[in-house]
Amino acid sequence: MASPLAPTPPHEVGSPGGTPQTPGAQGLNDPQAEAVAHVGGPLLVFAGAGSGKTRVITYRVANLVACARVPPYRILAVTFTNKAAGEMRARLSRLCGEEVGKDLWVGTFHATCAKLLRRFGESVGLERNFVIYDTDDQKQVVVRALREMDLDEKRYPPRMVLSRIHREKQECRGAGDMNVDSYVDEAIVKLFTRYEEQLKAANAVDFEDLIGKVVRVLEENAGGAGDALRRKFEYVLVDEFQDTNHAQYRFLTALTRDHRNLCVVGDDDQSIYRWRGADVRNIRGFKKDFPEATVVKLEQNYRSSGRIVSAALGVIGPSKERVPKDLWTANAPGRKVEIVATKDERDEAAHVIRVIREARDEGVDPKEIAVFYRIHAQSRVLEEALRSVNIPYQIIGGTKFYERAEIKDAIAYLRVLVNPRSDVDLRRIINSPARGIGDTTLDRLAAFATSRGISMHEALGRVDEAEEIAGAARKRLAGVRELLAGLRAEASTASPADMLDRVLDRTGYRTALGAENSPEAEARLENLEELVGSLGDYEVEANAAGDTPSLEGYLERVTLQADVDQMKDASRVTLMTVHGAKGLEFEVVLLTGMEEEMFPYRGMEPGGDQEMEEERRLAYVAITRARNRLVMTHTDTRQLFGNTRWGRPSRFLSDLPEDAVEQLATRARGNGVERYIDRAPLRSEFEAPPPRSPGAFRHPQSAPPRAPESGRQHAPGERFVDTEFFSDAHHDGDEVAAPLRRGSRVLHERFGEGEVRRVENAAEPAVVAFFPGWGEKKILARFLKTP
DNA sequence: TGCCACGCCCTTTTT
DNA sequence: GGGCGTGGCA
């Protein structure tokens, strides 16, 4: 499978003399082999983009198992996504056998810690059936705390409050450790305290707790739980180490304290989660805490063409503070990186479609084509365009399936069954479908619960004592109690999928939707069936992995699922944010929205240097995802959130080496207005156009009208090419598509028979073909025959 | 209590 | 552009 995660095998291989014979590890270059063979003590691997990192980690684990005879269940490998974890497990199963793949601990920080907490969490006061609150649940808790404390939600936006709380927790700090500098801080401390109380009462944790509580298990060592956990793993490996936060780092150091067999792999140039608490100093300063660490640098890129690598280097070059690395490649230069000026986001989308069609005509599988953007809001226009011309696509992230109301309701039911103390969930389902339990009743029930110091579910059980609730309402509440009790009795025997099915029936949820008789309700019903199906899939997978399927297991998986985990291996074009693309690779990458303010993105608050550095790294990540073809588009104007933005080309475009790029414009864009990318340093202020000077960037409004014949004025050393492109009717590539596809055989007078590697649509159709004995040759299509 | 309509808000990136 | 909350009405 040409998985996006699978690095292309190195084609120039030094024979690693004296390397232990890890199964299938032949063909590694020297630094790779060194990283694989290293056994005891800390190891830091700087893995440049496309340097075969995944391969190294996998072989290293295989090496530990096969050569060092480490039992697989004593090895922990931490990956960045569940998808990456699954792929690593699959590779190891192939390399070392099924049992090894099964026994290994492979997962994300969050999934791994959740699993550990089910086992060791009791030492820090967590019951085994705890539930994980997602961002939405967390927000509900904050909102309720705000209302309880009679604080203004405008003054203390829940989002802001939550982000403060999370920032503290990522640093392993509690409400008591906060610096209080203002009355706002004071309120936050109180909210924080209340938030923690609520979670504890509900036997729930948030994402930060998953890590933080395991750190507590390790550091507090109550009842020896920390020691027991420490003895569990002999070797720990971590991928994407540049994006770990402080709590995760604490977890790793505490876990490996006794043996220090910690192998971390990452690339500080690809650190893009600072906003989420990631601290690039973890990798840059690793040697401080682990002075004895062996450091290996993987600097050869096997993934991308020479021009793409040099474009990437151009973008990351101006970055400050990076660990010095020399990324290089032995790959052929390949085609130029295309910088395409477009008129607006529709024109941009039209060009995206054109490139997708070209690639498809060249024989590229659609799943090898990706369209990136900086923010989700950019996806809508692209989606509409793709749909209008029937190009199948999948979109990663954005509005998620699991955010739909009916899905959240169904999940809330399951969570209440697993953990009745979860008030957030009980509130959600108590009147869904409508049972005549309104806000008034709910408030009274909540007050009753608070006055007795019990959960709302317990209050439900004792509702007959609640005199403040009217008789009729009490009866309805008792009905819910009976309903839940009945369902819980069944939950012990029914399978998860079966259980959801019963929930939807017994609660009358299906009937209520069916009665609506609307297309919307119809769609909701379908979504619910899909959810039942996904529980079924989970059962199959859990059984295959040797686990017993359970509601807990399913819920945990759902909550900890990343967007990319949903990515299917189908033959579709992929749309995603650049963040989502981390760790993936594609044959063809379209990077859209390369304008100042879009990328680098400027949000509400003006970002500082650190933010700009991160945007730069983000651009670096985006570029290095591409293997063969990279197209970067920018627009003159863009509608965003209802307003029109005037953009000038991103500063990152000016950082690309001239000989690696080719500048193009769509016909719609090229008409009348001209613009050149300024290679002089750009001003950071977006609003002010730079002073006009010959050859420099011209703002669209200030460009003087010019007769078409007068020729285009070129910035020094640049080419400006108009691509003939517009309507669907004219969609070149069709003419050459049939006989000349990638992989088809061709005959040339001088070079003999060869195989087409690539089709190019220049002024005249041409192909790059491989001829045995001659190598790759670019030849005009008219000089070729079919053999 | 439930439904509908209006208006307001915001609008990065995600485990 | 859209999601959410609020407020008014049946």
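So that the names make sense, note that chain A is the first sequence line, chain B the second, and so on, each numbered from 1.
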### Task
Provide, to the nearest angstrom, the distance between the CG atom belonging to A:Asp209 and the P atom belonging to B:dT15.
18 Å
### Query
A:Tyr601 side chain: which of C:dG1, B:dT12, B:dT13 is closest?
B:dT12
### Task
Assign A:Asn431 to base, sugar-phosphate, or nothing according to its heavy-atom contacts below 4.0 angstrom with the strands shown.
sugar-phosphate
### Query
Salt bridge or not for A:Arg616 and A:Asp655, using N-O below 4.0 Å?
yes
### Query
Given atom OH of A:Tyr133 and atom P of B:dT14, what is their separation to the nearest angstrom?
24 Å
### Query
Within the structure, does a side-chain N or O atom of A:Arg374 lie under 4.0 Å from either OP1 or OP2 of B:dT11?
no
### Task
Give a yes or no on whether the backbone of A:His166 and the side-chain of A:Glu208 come within a donor-acceptor separation of less than 3.5 Å.
no
### Task
Look at all strands and tell whether A:Thr559 reaches a base, only sugar-phosphate, or nothing, counting heavy atoms closer than 4.0 Å.
nothing
### Task
Kindly say if A:Thr135 contacts the phosphate of B:dT15, meaning a side-chain N or O under 4.0 Å from OP1 or OP2.
no
### Task
Round to a whole Å and report the spacing from OH of A:Tyr273 to P of B:dT14.
6 Å
### Message
Just to be sure I understand the rule, does A:Arg159 reach a base, reach only the sugar-phosphate, or reach nothing, if contact means heavy atoms closer than 4.0 Å?
### Response
sugar-phosphate
### Query
A:His579 NE2 to B:dT14 P: how many Å, rounded?
7 Å
### Message
So that I can tick it off, tell me whether A:Arg648 and A:Glu595 are bridged by a salt bridge, with the cut-off set at under 4.0 angstrom between side-chain N and carboxylate O.
### Response
no
### Rounded distance in Å between the C1' positions of C:dG5 and B:dT12
24 Å
### Task
State whether A:Arg276 places a side-chain N or O below 4.0 Å from either non-bridging phosphate oxygen (OP1 or OP2) of B:dT13.
no
#### Entry: A:Lys582 NZ to B:dT15 P, straight-line distance once rounded to whole Å
11 Å
### B:dT13 to C:dC4 separation - P atoms, rounded to the nearest Å
15 Å
### Message
Quick check on DNA chain B: between A:Ala434 and A:Leu560, whose nearest nucleotide comes earlier from the 5' end?
### Response
A:Ala434
### Message
At less than 4.0 Å, is any side-chain N or O atom of A:His376 found next to OP1 or OP2 of B:dT14? Yes or no.
### Response
yes
### Message
For a quick check under 3.5 Å, do A:Tyr273 and A:Asn245 share a side-chain donor-acceptor pair by atom type?
### Response
no
